[in-house]
Amino acid sequence: MKILVCISQTPDTTAKIKFNAEQTQLDANGVQFIMNPYDEWYALVRAIELKEQLGGEVTVIHVGTVANDPTIRKALAIGADNAVRVDSEASSSLFTAKQIAAYAKGENFDIVFFGKETIDYNGSEVPAMVSELLDLPYISYGTEMTVAGNIATISRDIEGGKETVELATPFVISAAKGMAEQRIPNMKGIMMSKTKPIKVVPATANVNTSNIVKYEYPAEKKGCKMISADNIDELVSLLHNEAKVI
Amino acid sequence: MSVLVFAESLTGSIKKVAQEAVAYGYQAAKAMGTECFALTIGKAEGAAELGKIGATKVYNVAASNDFDAQVYASIIAQAAEQLGASLIVFAHSSSGKSLAGRLAARFDGGLASAVISLPTVSGSNIVVRKSVFSGKAFANYELSGAKNVVTIAANTFRPEAVAADAIVETLSISANAGRVKVKSVNTVTGVVPLPEADMVVSAGRGMKGPENWGIVEELATVLGATTACSRPVADVHWRPHHEHVGQTGVAIRPTLYIAIGISGAIQHLAGVNQSKVIVVINNDPEAPFFKAADYGIVGDLFDVVPKMTEAIRKLKAQN
Ligand SMILES: Cc1cc2nc3c(=O)[nH]c(=O)nc-3n(C[C@H](O)[C@H](O)[C@H](O)COP(=O)(O)OP(=O)(O)OC[C@H]3O[C@@H](n4cnc5c(N)ncnc54)[C@H](O)[C@@H]3O)c2cc1C
């Protein structure tokens with residue numbers, strides 16, 4: 001099994017989000033960046049489990065600058081064998097997808113793994129794009145996967161339930177909760193990750209058709225109207241007459 | 001130029017999310033000075049009615065209803081070429097998310113997902129808005145491809161009757177054989193799936209145990225709401241996984257979200273803070289959820305929830 005895991009970096013959910021004065025860019029000052037949790041817990045760990053079970057190797061790829069190397073090192077510490085960094089800011093989803101596809105094209109991966117979405121933009125865009133660029137089937141929001149020979153059986157989240165599909169490798173999959181459990185890197189992994197090389201490749205194809213032109217802060221909440229527990233009728237009446245939602 | 005809406009019908013009929021996508025397409029087409037076409041694939045009961053909510057033409061391509069993103073994307077791409085689409089609209093649903101990126105990649109198009117605004121036209125580009133960073137900000141995207149793609153957030157654009165039913169025309173596009181075999185589909189029946197639900201009653205660890213969920217279900221039933229839960233509750237299997245909302249679970253935007261015995265951690269809020277009205281019931285006045293709420297009750301949920309059910313029942317009886 002030759003597996004590629006695409007890892008992204010995002011601000012931690014608890015990070016305070018600020019922008020530059022023009023509100024065109026995230027102010028990264030003081031923001032804690034982490035490996036996107038779904039890439040880490042679900043995609044990377046399941047890829048490593050499959051390698052342990054079936055043999056083969058796990059490569060991680062990240063589109064980003066040298067400042068993001070700690071995130072790549074963490075993936076190596078968790079158990080990835082090889083790492084590739086495309087040396088450029090990930091300026092948009094399509095730009096990022098093109099870099100990943102350009103690298104993957106010559107490599108004949110059996111499975112290209114993603115987390116279901118990133119926790120900052122939640123678009124779930126890059127995995128679908130990469131699958132199209134590689135002309136491969138794409139299974140989104142996979143929650144369970146078993147592989148026998150070259151046939152994978154995958155359960156995926158759909159609205160209000162699950163769908164189970166079967167397909168042969170190669171394919172692209174995005175992983176959601178259930179696919180695997182988080183692994184904490186151990187000392188040996190951390191030591192080894194320091195000696196594994198990160199292959200740095202230049203960005204290739206360029207494209208620029210989605211641009212964030214402005215960020216905005218949400219309006220402040222008006223504040224919560226408190227109602228006494230002895231006066232539930234009032235709550236119901238407010239929901240009916242004031243909020244007009246029931 | 002046109003706006004092409006993929007109106008999904010994976011279960012064989014057109015659902016609310018597809019109608020919302022058409023409602024969006026209709027408004028977007030107006031803003032862009034063009035027409036809105038709807039595309040259905042396979043069996044699609046209710047397709048003709050998409051005319052009523054703004055599709056000037058409704059097309060159907062014969063293919064299997066079993067979803068295969070690669071096959072569907074190829075059909076939609078061919079339709080987009082034939083119909084001269086400059087904007088392709090999807091619901092932000094499991095199939096919409098699987099397709100939108102494929103179409104954008106194929107056409108080098110701009111893409112914005114889970115958008116919450118109609119496009120504003122800026123020269124030959126459009127600008128749309130979405131919620132980012134767990135609801136801590138909005139981002140405005142300028143899309144500048146020859147064919148741009150959006151997925152639209154659920155419960156945000158309401159279909160309205162603006163015309164009459166359309167005649168469904170067959171579009172002759174041949175579907176490739178797919179590589180994905182759908183073995184089984186298991187979805188809840190009889191309730192609105194969570195991402196589409198207009199009202200949601202959600203409960204957390206404050207419930208103490210799964211045996212106590214009767215009061216939550218009763219409240220949901222009188223409201224016609226769908227039930228949801230916090231992550232720890234799904235983790236210990238008090239409730240099914242598909243009910244789990246939040247950052248790691250389903251993200252929702254209902255009109256009304258009632259949170260019962262949920263503390264309101266940031267990871268929970270990330271999936272629910274786009275709700276229009278939030279009601280919080282918690283016995284801890286310091287629970288962080290109150291900061292994100294519109295209406296709050298400090299009290300014991302085992303006392304408050306049944307009373308609320310009763311009060312709503314009374315209200316419904318009067319109206
Ligand atoms: C990376 C990450 C991702 C996460 N993703 C999610 C996610 O997607 N969704 C999610 O929900 N969580 C998520 N979490 C977990 C989250 O941080 C919280 O731990 C979780 O939401 C708490 O669930 P809860 O509110 O049900 O339980 P608690 O935090 O235990 O809260 C229970 C609440 O019930 C109240 N209560 C108790 N008894 C009563 C009573 N008798 N009457 C009224 N109120 C009562 C208490 O005052 C308390 O506020 C995530 C955490 C991490 C680290």
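Chain letters run A, B, ... following the sequence lines, proteins first, then strands; residues in each count from 1. Model, not experiment: these values are computed from the prediction.
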(message) Check whether B:Thr187 reaches the backbone of A:Gly160 with its side chain - one donor and one acceptor, N or O, closer than 3.5 Å.
(response) no

(request) Give the minimum heavy-atom separation between A:Ala15 and B:Lys136, together with the two atoms involved. (result) O-NZ, 2.7 Å

(message) As an exercise, state the distance from CG of A:Asn208 to CD of B:Glu142, rounded to the nearest 0.5 Å.
(response) 10.0 Å

(request) Heavy-atom distances under 4.5 Å only: say whether B:Val191 touches chain A with side chain, backbone, both or neither. (result) neither

(request) Evaluate the side-chain proximity of B:Thr248 to A:Tyr38: yes if any heavy-atom separation is below 4.5 Å, no if none is. (result) yes

(request) Give the C-alpha distance, both sets of side-chain angles, the deciding distance and a yes or no for side chain to side chain contact (heavy atoms under 4.5 Å, CB included) between B:His241 and A:Asp157. (result) CA-CA 10 Å; B:His241 161 66; A:Asp157 277 340; 3.5 Å; yes

(message) For a quick test of reading the model, state the closest non-hydrogen atom pair linking B:Ser94 to A:Ser140 and the distance between them.
(response) O-OG, 3.8 Å

(request) Would you mind telling me which of B:Lys291, B:Lys276, B:Lys316, B:His244 has the largest number of heavy-atom pairs within less than 4.5 Å of chain A? (result) B:His244

(request) Could you look at A:Val207 and say if it's the side chain, the backbone, both or neither that has a heavy atom under 4.5 Å from chain B? (result) side chain

(request) Mark yes or no for whether B:Asn140, through its side chain, and A:Lys214, through its backbone, hold a donor-acceptor pair below 3.5 Å. (result) yes

(message) Heavy-atom cut-off 4.5 Å, strictly under: side chain, backbone, both or neither for B:Glu310 against chain A?
(response) neither

(message) Does this structure show an ion pair linking A:Glu216 with B:Arg129, if we count only N-O contacts that are shorter than 4.0 Å?
(response) yes

(message) If I measure from the heavy atoms of chain A, does B:Ala197 come under 4.5 Å with its side chain, its backbone, both, or neither?
(response) neither

(request) Start with the C-alpha gap between A:Glu234 and B:Tyr295, add the side-chain angles, then the distance that decides, and say whether side chain to side chain donor-acceptor pair (under 3.5 Å) holds. (result) CA-CA 11 Å; A:Glu234 186 188 341; B:Tyr295 299 99; over 6 Å; no

(message) Please classify the contact between B:Leu111 and chain A as side chain, backbone, both or neither, with a heavy-atom cut-off of under 4.5 Å.
(response) both

(message) Is B:Ala100 close to chain A through its backbone or its side chain, or both, or neither, when contacts mean heavy atoms under 4.5 Å?
(response) neither

(message) For A:Ser93, which atoms come within 4.5 Å of any heavy atom of chain B: side chain, backbone, both, or neither?
(response) neither

(request) Give, for atom OG of B:Ser113 and atom CG of A:Asn122, the distance between the pair rounded to the nearest 0.5 Å. (result) 9.5 Å

(message) At a 4.5 Å cut-off on heavy atoms, which part of B:Ile297 comes close to chain A: side chain, backbone, both, or neither?
(response) both

(request) Between chain A and each of B:Val185, B:Val250, B:Val71, B:Asn186, count heavy-atom pairs under 4.5 Å; write down the option with the most. (result) B:Asn186

(message) Any donor-acceptor pair under 3.5 Å linking the side-chain atoms of A:Glu163 with those of B:Ser184?
(response) no

(request) Heavy-atom distances under 4.5 Å only: say whether A:Ile139 touches chain B with side chain, backbone, both or neither. (result) side chain

(message) Are the side chains of A:Ile246 and B:Ile312 in contact, using a 4.5 Å heavy-atom criterion?
(response) yes

(request) Mind ranking B:Arg179, B:His242, B:Lys97 by heavy-atom pairs under 4.5 Å with chain A and telling me who comes out on top? (result) B:Arg179

(message) Less than 4.5 Å to any heavy atom of chain A: does that hold for the side chain of B:Lys15, its backbone, both, or neither?
(response) neither

(request) Measure A:Leu235 against the heavy atoms of chain B and call it side chain, backbone, both or neither at under 4.5 Å. (result) side chain

(request) Counting only heavy atoms closer than 4.5 Å, note whether B:Val188 contacts chain A via side chain, backbone, both or neither. (result) both

(message) Between A:Lys177 and B:Asp235 (salt bridge meaning N to carboxylate O under 4.0 Å), is one present in this structure?
(response) yes

(message) Any non-hydrogen side-chain atom of B:Phe290 less than 4.5 Å from a side-chain atom of A:Met226?
(response) yes

(request) For B:Ala292 and A:Lys221, work out which heavy atoms get closest and say how close. (result) O-CE, 3.3 Å

(request) Identify which part of A:Ala97 has an atom lying under 4.5 Å from any heavy atom of chain B, answering side chain, backbone, both or neither. (result) neither

(message) Please determine whether a side-chain nitrogen of the Lys or Arg among B:Asp294 and A:Lys222 lies less than 4.0 Å from a carboxylate oxygen of the Asp or Glu.
(response) yes

(request) Select one option (side chain, backbone, both, neither) describing which atoms of B:Asn125 are under 4.5 Å from chain A's heavy atoms. (result) neither

(message) Taking every non-hydrogen pair under 4.5 Å, which of B:Val280, B:Leu315, B:Asp68 racks up the most with chain A?
(response) B:Leu315

(request) Test side chain to side chain donor-acceptor pair (under 3.5 Å) on B:Gln267 and A:Thr13 and set out the steps. (result) CA-CA 7 Å; B:Gln267 297 88 356; A:Thr13 326; 4.9 Å; no

(request) Determine the minimum heavy-atom distance between B:Gly101 and A:Ala128, stating which atoms define it. (result) CA-CB, 3.8 Å

(request) Name the region of B:Lys314, side chain, backbone, both or neither, that has any atom closer than 4.5 Å to a heavy atom of chain A. (result) side chain

(message) Using heavy-atom distances under 4.5 Å, tell me whether B:Ala112 contacts chain A through its side chain, its backbone, both, or neither.
(response) backbone

(message) If you count heavy-atom pairs within less than 4.5 Å of chain A, which of B:Ile278, B:Val180, B:Ile266 leads?
(response) B:Val180

(message) Please classify the contact of A:Leu239 with chain B as side chain, backbone, both or neither, using a heavy-atom distance under 4.5 Å.
(response) side chain

(message) Rounded to the nearest 0.5 Å, what separates atom CD1 in A:Ile158 from atom OG1 in B:Thr11?
(response) 9.5 Å

(request) Please state whether the side chain, the backbone, both or neither of A:Pro11 comes within less than 4.5 Å of a heavy atom of chain B. (result) side chain

(request) Identify whether the distance between the nearest side-chain nitrogen and carboxylate oxygen of B:Asp108 and A:Lys98 falls below 4.0 Å. (result) yes

(message) Rounded at 0.5 Å granularity, tell me how far OH in A:Tyr138 sits from CD in B:Gln70.
(response) 13.0 Å

(request) Determine the interplanar angle of the A:Tyr121 and B:Tyr141 rings, folded into 0 to 90°, and report it as parallel if under 30°, tilted if 30 to 60°, perpendicular if over 60°. (result) perpendicular

(message) Need one label for A:Asn231: side chain, backbone, both or neither, based on atoms under 4.5 Å from any heavy atom in chain B.
(response) neither

(request) Report yes or no: does A:Glu159 contribute a side-chain atom to a donor-acceptor pair with the main-chain N or O of B:Leu194 at less than 3.5 Å? (result) no

(message) Once rounded to the nearest 0.5 Å, what's the spacing between atom OH of A:Tyr217 and atom CZ of B:Phe133?
(response) 10.5 Å

(request) Drop me the distance from B:Lys183's NZ to A:Leu167's CG, to the nearest 0.5 angstrom. (result) 11.5 Å

(request) Look at B:Gly296, B:Ala265, B:Ala311 and state which one has the largest set of heavy-atom pairs under 4.5 Å with chain A. (result) B:Gly296

(message) Quick check on B:Leu256 against chain A: is it the side chain, the backbone, both or neither that has a heavy atom closer than 4.5 Å?
(response) side chain

(request) Please name the pair of heavy atoms, one in B:Gly110 and one in A:Ser210, separated by the smallest distance, quoted to 0.1 Å. (result) CA-OG, 3.3 Å

(message) If I compare all heavy atoms of A:Leu94 with all of B:Ala105, which pair ends up nearest, and what's the gap?
(response) CD1-CA, 3.7 Å

